[in-house]
Q: 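Sending over a structure as structure tokens; questions will come in a sec.
In each ligand, atom 1 is the first atom listed, and ligand 1 is the first ligand listed. Since the model is a prediction, treat every value here as computed from it, not as a measurement.
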Amino acid sequence: MPKEEYDLIIRNGWLITMNASQTRHTSSDIAISGGIITEIGENLSGIGKEEIDANGNVVLPGLIDSHMHTTLLRGVGDDLPIMPWLYDVMFPKDAKIQPRHIHAAAIMNQAEMIRGGITTFLDIFRCPGEAALVTEKSGLRAIFCPQIIDEPKGSGETLESNLEFINTWHKKIPNRIHTWFGPHAPYSTSAETYRKVAAYAEELDVGFHTHLCESMDEIEVVQQKYGMSPVEFLKDIGALNSRLSIAHGVFLQPKDIELLVEFDVGVAHCPSSNMKVSLGAAPIPDLLAAGVKVGLGTDSNLTNNNLDMFEEMRLAGFLQKLVRKEPSVLPCEQALYMATMGSASCLGMENLIGSLEVGKCADMIIVDMDQPHLYPLLPEPNTNVIEHLVYSANSADVNTTIVDGKVLMHNRHIRTLDWKGAKELILTEAQDLLTRAETWKRLGK
Ligand SMILES: [Zn+2]
């Protein structure tokens, strides 16, 4: 009998499946065909058009960045409080962004994500059509949310440009490029816009994403303007439902958490961004205890300053242990869950991605465990492999990144994007954007 042929087989990996029973296989194969995991087992007899030996290394579901912005700059405008940072530096700069800036930014951001083991990301920012074009090529899975800003005018996308983006890209690349709405925040986006977004999201059967309860300034503005918390405000205008995921949630109160549970709203937790901008620690243990879907996000190269989900996992744990003065809160298993299944649920994609299971999309990474900082690695059953992945590993340990069964990177070589060839372009566009932004600021427009 001829042997079964698969598109790709990963051999002899240490599989951390993140399935409901948290199954781990010490040495197992994964067979992939048509972008789907078709078989998992020891010594599979079939042959793969491509076979990758993962012997001694960990195979994990790809990491899912549930909140980021495709930014062209990093290391610019650092160390400022959030509102002056937004209104004096970022919004004036964002008003000057041209599509070609985002094109260059997307090459840099997506190369960084592939190299760091991120297989799916949610991007809320400007000119998403350019980022989507790069994603078509890079092979990553993405949700794009054009960042709608009503005030200050011109610094973000509009409801009209968001609709136009959805018209162009919705279902163009099914299951890989998703089109949502992205109202920025309740202080920059009007109640009317939120209302319309919620209605359109329902009509077009897409999701929407917003920054919520990120800073005390926001809480005060919303309290003054609407006399309630940001979560109550969204409920009040009919924009709180399971199509919504929110970023940050640093200042969520117990009554807000109850509403998030009731309306099935996910939260993207961005620990390093919250720490860097001195906002505080989101009440993650309370959210998890209440049953809220919690994912992890990097936020952006302007607030972080990298897109390293290993760092987010580690800091998510460290931050809660520090502020709660209790080392047992947010253990490493929970951090890994948030970066995989937690983020997947937050984005409404838990049936497609987030775990290694037959029938799910073949999104996975191979982490090279043969490193001094990941040693000694104890064997099963009393292994410290999860501790190593969360507390010791970093994005540079990712050897292979696979999305939809396609190998985007192997042996740290990216197959789908030539980021080195784009380096000059990225620097030129970054300098161009800085020049334009400075001119804009001087003119006081
Ligand atoms: Zn953000």
Q: Answer with yes or no whether the side chains of D308 and S395 bring together a donor and an acceptor at under 3.5 Å.
A: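 Checked: S395/D308 side chains pair up, N/O donor to acceptor below 3.5 Å.
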
Q: Closest N/O/S atom of D299 to the Zn ion (ligand 1), by atom name?
A: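 This turns out to be OD1.
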
Q: Compare all side-chain heavy atoms of L389 with those of E387 and state whether any distance is below 4.5 angstrom.
A: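 Of all side-chain heavy-atom pairs linking E387 with L389, none is under 4.5 Å.
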
Q: Is it true that the side chains of N109 and T70 contain a donor and an acceptor less than 3.5 Å apart?
A: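 Side chains of N109 and T70: no pair found under 3.5 Å.
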
Q: Rounded to 10°, how many degrees is the angle NE2/H69-the Zn ion (ligand 1)-NE2/H67?
A: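 H69 NE2 and H67 NE2 form an angle of 100° at the Zn ion (ligand 1).
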
Q: Do you see an N/O/S atom of H211, backbone or side chain, under 2.8 Å from the Zn ion (ligand 1)?
A: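 Given the 2.8 Å cut-off, H211 counts as a ligand of the Zn ion (ligand 1).
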
Q: Side chains of D264 and N241: is there a donor and an acceptor less than 3.5 Å apart?
A: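 No, no side-chain donor-acceptor pair sits under 3.5 Å.
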
